[in-house]
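Below, each value reflects all heavy atoms present in this structure, side chains not excepted, and no hydrogens, waters or symmetry copies. In listed order, ligands and their atoms are each counted from 1.
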Amino acid sequence: MSNNALIPQSKLPALGTTIFTQMSALAQQHNAINLSQGFPDFDGPRYLQERLAFHVAQGANQYAPMTGVQALREAIADKTAELYGHKPDVNTDITVTAGATEALYAAITALVRQGDEVICFDPSYDSYAPAVELSGGVLKRIALQPPHFRVDWQQFVAQLSDRTRLVILNTPHNPSATVWRKADFAALWQAIADREIYVLSDEVYEHICFAEQGHASVLAHPQLRERAVAVSSFGKTYHMTGWKVGYCVAPAAISAELRKVHQYLTFSVNTPAQLALADMLRAEPEHYRQLPEFYRARRDVLVNALSNSKLEILPCEGTYFLLADYSAVSDLDDVSFCQWLTKEVGVAAIPLSVFCADPFPHKLIRLCFAKQESTLLAAAERLCKL
Ligand code: PMP
Ligand code: GLN
């Protein structure tokens with residue numbers, strides 16, 4: 001290294017490479033069946049791919065409007081009205097982002113100031129904490145307990161302070177596969193109604209919900225939605241995580257602030273993909289309406305194939321993840337167990353403790369069932385030998 005080279009003092013010194021990247025790399029290295037990182041091993045709808053090619057060929061290849069193409073925002077507004085009984089304003093309330101990840105980052109950056117407290121629920125998705133930290137916020141992580149991972153609302157109220165600015169929730173929940181009930185949103189509203197607290201609701205698995213009562217969205221709660229950002233991802237809905245297109249819905253005043261961040265983070269999202277997604281939403285609404293059944297079938301294939309294994313399967317109400325307790329198989333901690341499983345058994349999974357700040361002594365791993373039946377059966381055959 002020359003004398004001119006500089007090593008920056010890290011703004012995120014504790015942060016390494018994400019567990020998803022680590023486990024997928026280990027799976028590849030050992031030729032293991034990869035049920036770790038969440039992505040399908042099958043393709044998205046043919047019509048969507050054809051519309052992308054069509055719009056590229058038509059020359060829709062220049063910058064999209066900063067907030068997203070009009071046709072897509074209109075289709076999102078109509079879908080939201082149909083599903084949650086609330087039609088967001090097409091011009092002021094909907095922002096198309098580079099995946100849900102960008103929406104989450106923009107919302108957190110827009111809302112959290114130096115010293116503000118942010119509440120989230122552990123196990124929590126890994127992108128929240130670094131965004132809060134970069135904004136100078138202080139994360140208060142409430143630990144949820146298996147197998148039901150339900151919020152204790154008294155414990156929640158006890159965490160509130162005059163500095164609380166934002167609550168981040170995720171339903172259907174990655175990695176626990178549990179979902180919030182309407183009653184949870186009612187309890188949340190009761191707790192924060194008299195305070196200036198915003199809500200960031202990560203609903204990327206909104207269409208992958210098996211619960212009898214269906215997906216409860218923050219957008220269906222008339223009071224909460226006036227101070228909430230709801231985040232969605234087309235990557236999950238259309239089996240194409242690599243397209244990285246998502247969006248968020250928030251009232252005009254909140255959207256205006258998060259758009260200031262979005263404007264200089266990415267400015268806008270790729271045009272032909274947005275046009276193709278608008279066509280898809282209009283032409284084939286059955287795709288998202290049938291998604292719960294589509295994934296329920298895959299979940300059941302994996303659950304049934306593991307029924308003779310020593311793994312104890314936890315209830316799965318949503319997402320494309322299944323939790324398995326391996327207490328009867330090994331004494332290893334979950335990170336070591338996942339490494340061993342990948343290298344020696346040929347199945348890659350995700351340990352749960354990495355999503356938690358407090359020690360998480362449970363022996364739980366996350367298996368992704370967004371896979372072809374043959375992949376799931378091959379993985380289960382190996383897991384049944386444990
Ligand atoms: N939130 C959760 C809970 C997720 O599981 C994911 C992706 N797996 C994201 C956000 C990010 O979504 P995207 O790929 O659209 O950025
Ligand atoms: N969200 C995906 C998961 O939970 C992974 C996304 C990523 O790799 N960043 O597996």
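Between K79 and E82 there is no salt bridge, since none of the side-chain N atoms of the basic residue sits less than 4.0 Å from a carboxylate O of the acidic one. Salt-bridge annotation for R73 and D93: absent, with no side-chain N of the basic residue lying under 4.0 Å from a carboxylate O of the acidic one. A salt bridge between K363 and E312 is absent, with no side-chain N of the basic residue lying under 4.0 Å from a carboxylate O of the acidic one.
Each of the following atoms of ligand 1 lies closer than 4.0 Å to a heavy atom of G99: 15 (O), 16 (O). The contact set between ligand 1 and S233, taken as ligand atoms under 4.0 Å from a residue heavy atom, comprises 13 (P), 15 (O). Ligand 1 places these atoms under 4.0 Å from at least one heavy atom of V204: 1 (N), 2 (C), 3 (C), 4 (C), 10 (C). Within ligand 1, counting atoms from 1 as listed, the ones closer than 4.0 Å to a heavy atom of N170 are 3 (C).
Not one N or O of S36 is nearer than 3.5 Å to an N or O of ligand 2, by distance alone. Considering backbone and side-chain N/O of T241, none are found under 3.5 Å from N/O of ligand 1. Considering both main-chain and side-chain atoms, F321 never comes within under 3.5 Å of ligand 2 through any nitrogen or oxygen pair. Checking only distances, D202 does come within under 3.5 Å of ligand 1, N or O to N or O. In terms of N/O distances under 3.5 Å, ligand 2 is approached by R366. Annotation: A100 places an N or O atom under 3.5 Å from an N or O atom of ligand 1; distance criterion only.
Side-chain atoms of Y84 and E206 include a donor-acceptor pair closer than 3.5 Å. Remark: the N170 side chain and the S124 side chain contain no N/O donor-acceptor pair separated by less than 3.5 Å.
Looking at atom 8 (O) of ligand 2, its nearest protein heavy atom turns out to be Q37 NE2, 2.7 Å. Protein heavy atom in closest approach to atom 7 (C) of ligand 2: F20 CD1, 3.7 Å. Looking at atom 11 (C) of ligand 1, its nearest protein heavy atom turns out to be T101 OG1, 3.3 Å. Nearest protein neighbour of atom 7 (C) of ligand 1, counting heavy atoms only, is K236 NZ, 2.5 Å.
Contacts between N174 and ligand 2 below 4.0 angstrom, taking non-hydrogen atoms only, involve the side chain exclusively. Only the side chain of Y125 comes within 4.0 Å of ligand 2, counting heavy atoms alone; its backbone N, CA, C and O stay farther away.
For the pair R366 and F355, the cation-pi criterion (under 6.0 Å, within 45° of the ring axis) is not fulfilled.
When ring centroids are compared, H287 and F294 stay outside the 6.0 Å threshold. If you look at W153 and W180, their ring centroids are closer than 6.0 Å. Checked against the 6.0 Å centroid criterion, the rings of Y295 and Y205 do not qualify as a close aromatic pair.
Heavy-atom distances between F234 and ligand 1 stay at or above 4.0 Å for every pair. Heavy atoms of K244 approach ligand 1 to within less than 4.0 angstrom.
Among the candidates K244, R259, E102, the single residue satisfying the side chain to side chain contact (heavy atoms under 4.5 Å, CB included) test with T97 is E102.
For CD of Q155, the number of neighbouring non-hydrogen atoms (other residues, nucleotides, ligands) closer than 6.0 Å is greater than 12.
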